[in-house]
Amino acid sequence: MPDIHFEKVALIGIGLIGSSLARVIRRVGLAGEIAISTRRAETLARARELRLGDSYHPDAAEAVRNAELVIVCVPVGASGAVAADIAGALLPGAIVTDVGSTKGSVISQMQPYLPENVHFVPGHPIAGTEHSGPDAGFAELFEGRWCILTPPEGTDAGAVARLSRFWEHCGSTVDIMDPQHHDMVLAIVSHLPHIIAYNIVGTADDLETVTKSEVIKYSASGFRDFTRLAASDPTMWRDVCLHNRDAILEMLSRFSEDLSALQRAIRWGDGDKLFEMFTRTREIRRSIIEAGQEIDVPDFGRHVLSHPHKD
Ligand SMILES: NC(=O)C1=CN([C@@H]2O[C@H](COP(=O)(O)OP(=O)(O)OC[C@H]3O[C@@H](n4cnc5c(N)ncnc54)[C@H](O)[C@@H]3O)[C@@H](O)[C@H]2O)C=CC1
Ligand SMILES: O=C(O)C(=O)Cc1ccc(O)cc1
């Protein structure tokens with residue numbers, strides 16, 4: 001039995017992250033009841049077929065009624081609308097959290113709606129795949145991963161501790177961070193790589209001199225890695241770009257400057273510069289592996305490619 005237990009947990013949004021949470025909450029025994037709500041009737045029906053929860057609600061406010069823990073698992077652009085929907089039905093003393101990839105924007109969208117008598121502790125599991133929808137989730141997703149919490153100043157320490165313990169039972173290690181800092185860090189380590197992947201795959205697709213079938217046929221593992229990221233959910237990544245705009249633009253402008261320097265070194269045949277740079281970056285990879293962070297995305301969800309998800 002875990003040392004933390006919620007009588008009722010409500011999951012709003014039941015895609016990759018929401019359904020992974022439902023599975024691990026059930027497996028570990030973190031809740032007496034799992035209530036699920038999501039926007040589309042088909043997705044809710046699929047969650048029911050998969051037996052992800054104990055109750056299913058087209059209306060998010062119904063799902064959160066009497067829930068001690070509410071986890072909002074929707075694309076970041078929808079978090080304000082969800083907060084508006086659930087605000088009037090929240091249990092006094094409940095913990096309200098989310099899993100969004102951006103934090104500053106989620107806080108500014110949700111906080112104005114939330115009553116004073118709930119504990120708002122925004123969160124972000126640094127764990128995911130390129131798949132989406134309720135079929136894509138798996139209970140092990142959060143194992144050995146970080147989860148960042150960004151509680152606003154003055155948040156009740158007991159609520160932060162309870163939510164931290166919850167994520168630890170899901171297999172994660174928790175870090176507490178300022179939301180602005182979170183958004184800057186994630187812009188470089190997660191958002192930019194996805195944007196670069198979308199861009200390079202788009203560039204390859206637009207080429208006139210190289211055919212699409214050649215791109216597919218000869219794609220070496222480097223290009224394949226980009227195609228995995230570029231297959232990620234368009235709604236989710238549109239929202240990330242729109243909702244972490246400043247940090248992403250800052251990182252993109254640094255990236256462009258460095259790319260220009262690289263371009264110049266190639267144009268002028270400056271082998272020393274190229275060698276120096278490629279040697280420096282190699283060290284980062286080595287440090288990641290030494291820190292035990294080099295975990296390939298597991299194959300658990302791959303079969304869902306045959307179940308295209310429409311959300
Ligand atoms: N996919 C990933 O690798 C990761 C995603 N995240 C974050 O988790 C959140 C959810 O992402 P995924 O589970 O991957 O997305 P998903 O596309 O698999 O699932 C999203 C869910 O939200 C529901 N939804 C969309 N708009 C809604 C609305 N207005 N009201 C109620 N439900 C709504 C959809 O029906 C679906 O059930 C996003 O904020 C994303 O930034 C965080 C870490 C990793
Ligand atoms: O699939 C991958 O490689 C990811 O990077 C998953 C991911 C996507 C978004 C997040 O906010 C956190 C993790």
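What you are looking at is a predicted structure, and each value in this text was computed from that prediction instead of being measured. Ligands are counted one by one from 1 in listed order, and the atoms in each one are counted from 1 as well.
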Salt-bridge test for D54 and R26: reply yes if a basic N is under 4.0 Å from a carboxylate O, no otherwise. yes

Counting heavy atoms only, which part of R39 comes closer than 4.0 Å to ligand 1: side chain, backbone, both or neither? both

Could you tell me which atoms of ligand 2, counted from 1 in the order shown, lie closer than 4.0 angstrom to a heavy atom of S101? 9 (C), 10 (C), 11 (O)

I'd like to check whether G128 has a polar contact with ligand 1, where a contact means an N/O of the residue lying under 3.5 Å from an N/O of the ligand. no

Is it true that R65 and E62 have a side-chain N and a carboxylate O under 4.0 angstrom from each other? yes

Ionic contact status for E168 with R165, cut-off 4.0 Å: yes

Only heavy atoms of M236, strictly under 4.0 Å: list the atoms of ligand 2 that pass. 9 (C)

Run the numbers for me: atoms of ligand 1, each under 4.0 Å from some heavy atom of P125, listed by number. 43 (C)

Ligand-side contact atoms (ligand 1) for residue partner V76, heavy atom cut-off under 4.0 Å: 39 (O)

Return yes when A127 approaches ligand 1 closer than 4.0 angstrom through a heavy atom, no otherwise. yes

Are H169 and D3 linked by a side-chain donor-acceptor pair shorter than 3.5 Å? yes

Report yes or no: do Q109 and S105 form a side-chain donor-acceptor pair below 3.5 Å? yes

Pick from L21, I12, I17, V74: the one approaching atom 38 (C) of ligand 1 most closely through a non-hydrogen atom: V74

Salt-bridge criterion met for R286 and E290 (N-O under 4.0 Å): no

Result block: side-chain N/O donor-acceptor pairs under 3.5 angstrom for residues 85-92, not counting sequence neighbours:
none

Give, for atom CD1 of I17 and atom OG1 of T129, the distance between the pair rounded to the nearest 0.5 Å. 7.5 Å

Counting from 1, what ligand 1 atoms have a heavy atom of C73 closer than 4.0 Å? 10 (C), 20 (C), 21 (C), 22 (O)

Using 4.0 Å as the upper bound for N to carboxylate O, is an ion pair formed by E276 and R280? yes

Numbered in order shown, the ligand 1 atoms found under 4.0 Å of a heavy atom of S132 are 16 (P), 17 (O), 18 (O)

Which ligand 2 atoms are under 4.0 Å away from a heavy-atom of H124? 10 (C), 11 (O), 12 (C)

Can you list the atoms of ligand 2 that are under 4.0 Å from a heavy atom of R228? 1 (O), 2 (C), 3 (O)

Would you say ligand 2 has an N or O under 3.5 Å from any N or O of W237? no

Distance filter under 4.0 Å to V99 heavy atoms, resulting ligand 1 atoms: 6 (N), 7 (C), 8 (O), 9 (C), 42 (C)

Using a strict cut-off of 4.0 Å, indicate which atoms of ligand 1 neighbour a heavy atom of V82. 30 (N)

Using a 4.0 Å cut-off to any heavy atom of G100, which atoms of ligand 1 qualify? 39 (O)

Any luck finding a side-chain donor-acceptor pair between S37 and H57 under 3.5 Å? no

Atom 41 (O) of ligand 1: which of P75, G77, S101, G18 has the nearest heavy atom? S101

Could you go through the side-chain contact (heavy atoms from CB on, under 4.5 Å) check for F255 and L192 one step at a time? CA-CA 9 Å; F255 175 82; L192 218 61; 3.9 Å; yes

Show me which atoms of ligand 1 lie under 4.0 Å from any heavy atom of T43. 37 (O)

